[in-house]
Visitor: 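This is the structure I have questions about; it appears just below.
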Amino acid sequence: MSTVDDLHGDPHVQRYLDTGGAEGFHWNGTEILILFTTGRKSQAQRRHALIFREWNGSYLVVASKGGAEAPPEWFLNLESDPHAEVQIKDRRFPVTARVAGDDEKPDMWKAMTEVWPDYDDYQAKSSRTIPVVVLDPS
């Protein structure tokens, strides 16, 4: 039987939602939220398990896609429609997304690499600038 730390993608999201975050909130030594976006083409709801960190009443996520040259689909969806929802444990609420500004990103990036050091490696292998996304409760 697999543990939640072995789960990725849809199976992780489903376990998280089924248990109100009792399984899936803690993952590989960090914490996870579920981001709900609207597909920019399909208009269908999309769900994504993402590493996050709370930041002054907002929530930070990193659009890394493991350092791939293209950004993750959820980021493109947020560019098209910044209104989304987040679930943290069993609490679901609306947010508005924005990309961290140049003045705030260094501190936010440092906070995110404290919880997932691989972000530095992802940035080193990518030619694109990986954004930190701020999810402000709305």
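When a residue number appears, it is its place in the shown sequence, counting from 1. Just so it is clear, the structure is predicted and the values come from calculations on it, not from any experiment.
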Visitor: In chain order, what residues pass the side chain to side chain donor-acceptor pair (under 3.5 Å) check against Trp55, with sequence neighbours excluded?
Guide: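 Listed in chain order: nothing, the list is empty.
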Visitor: Under the side chain to side chain contact (heavy atoms under 4.5 Å, CB included) rule, collect the residues that match up with Gln87, sequence neighbours excluded.
Guide: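 Result, side chain to side chain contact (heavy atoms under 4.5 Å, CB included) vs Gln87: Tyr16, Leu17, Ile34, Phe36, Arg92.
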Visitor: Rounded at 0.5 Å granularity, tell me how far NE2 in His12 sits from CH2 in Trp27.
Guide: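 If we round to the nearest 0.5 Å, His12:NE2 and Trp27:CH2 are 7.5 Å apart.
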Visitor: Which residues satisfy the side chain to side chain contact (heavy atoms under 4.5 Å, CB included) test with Asp120, sequence neighbours excluded?
Guide: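 Checked Asp120 against side chain to side chain contact (heavy atoms under 4.5 Å, CB included); matches are Trp109, Thr113.
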Visitor: Which pair of non-hydrogen atoms, one from Ile32 and one from Gly24, has the smallest distance, and what is that distance?
Guide: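 Smallest heavy-atom distance, with atoms named: CB-O, 3.4 Å.
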Visitor: Could you work out, with salt bridge (Lys or Arg N to Asp or Glu O under 4.0 Å) as the rule, every residue matching Arg40, not counting sequence neighbours?
Guide: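 Result, salt bridge (Lys or Arg N to Asp or Glu O under 4.0 Å) vs Arg40: Glu73.
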Visitor: With sequence neighbours excluded, give me every salt bridge (Lys or Arg N to Asp or Glu O under 4.0 Å) pair touching residues 48-59.
Guide: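 Listed once each, the pairs are Arg53-Glu114.
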Visitor: Identify, with sequence neighbours excluded, every residue that meets side chain to side chain contact (heavy atoms under 4.5 Å, CB included) alongside Glu69.
Guide: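 Listed in chain order: Ser126, Ser127.
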Visitor: Could you list all the salt bridge (Lys or Arg N to Asp or Glu O under 4.0 Å) pairs where at least one residue sits in residues 122-132, not counting sequence neighbours?
Guide: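 Sorted pair list comes back empty.
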Visitor: Nearest 0.5 Å, what's the CZ-CG distance between Arg15 and Asp10?
Guide: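 If I round to the nearest 0.5 Å, the distance is 13.5 Å.
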Visitor: Using side chain to side chain donor-acceptor pair (under 3.5 Å) as the criterion, list what pairs up with Glu104, not counting sequence neighbours.
Guide: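 Once residues adjacent in sequence are excluded, the partners of Glu104 under the side chain to side chain donor-acceptor pair (under 3.5 Å) criterion are Arg98.
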Visitor: Evaluate whether atom CG of Asp103 has more than 12 neighbouring non-hydrogen atoms of other residues, nucleotides or ligands under 6.0 angstrom away.
Guide: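 Enclosed: over 12 neighbouring heavy atoms sit under 6.0 Å from CG of Asp103.
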Visitor: Nearest heavy-atom pair of Val132 and Met108: which atoms, and what distance?
Guide: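 Closest heavy-atom pair between Val132 and Met108: CG1-CB, 4.0 Å.
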Visitor: How long is the straight-line distance from CG of Leu135 back to CG of Leu50, given to the nearest 0.5 Å?
Guide: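 It comes to 8.5 Å.
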Visitor: Can you list every salt bridge (Lys or Arg N to Asp or Glu O under 4.0 Å) pair that touches residues 25-39, not counting sequence neighbours?
Guide: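 Sorted result for residues 25-39: empty, none.
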Visitor: So, His83 side chain and Val95 main chain: donor-acceptor pair closer than 3.5 Å or not?
Guide: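 Not a single qualifying donor-acceptor pair exists.
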Visitor: Report the residues that fulfil side chain to side chain donor-acceptor pair (under 3.5 Å) with Tyr119, sequence neighbours left out, ordered by chain and then residue number.
Guide: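 For Tyr119 there are no side chain to side chain donor-acceptor pair (under 3.5 Å) partners, ignoring immediate neighbours.
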Visitor: Just to verify, what does Asp18 make a side chain to side chain contact (heavy atoms under 4.5 Å, CB included) with, not counting sequence neighbours?
Guide: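 For Asp18 the side chain to side chain contact (heavy atoms under 4.5 Å, CB included) partners, ignoring immediate neighbours, are Gln14.
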Visitor: Could you pull out all donor-acceptor pairs under 3.5 Å where a side-chain atom in residues 58-67 meets a protein atom, sequence neighbours excluded?
Guide:
from	atom 1	to	atom 2	distance (Å)
Ser58	OG	Asp136	OD1	2.5
Ser64	OG	Gly66	N	3.4

Visitor: Set out, in order, the CA-CA distance, both residues' side-chain angles and the distance that settles side-chain contact (heavy atoms from CB on, under 4.5 Å) for Thr30 and Met112, then state yes or no.
Guide: CA-CA 10 Å; Thr30 191; Met112 291 306 294; over 6 Å; no
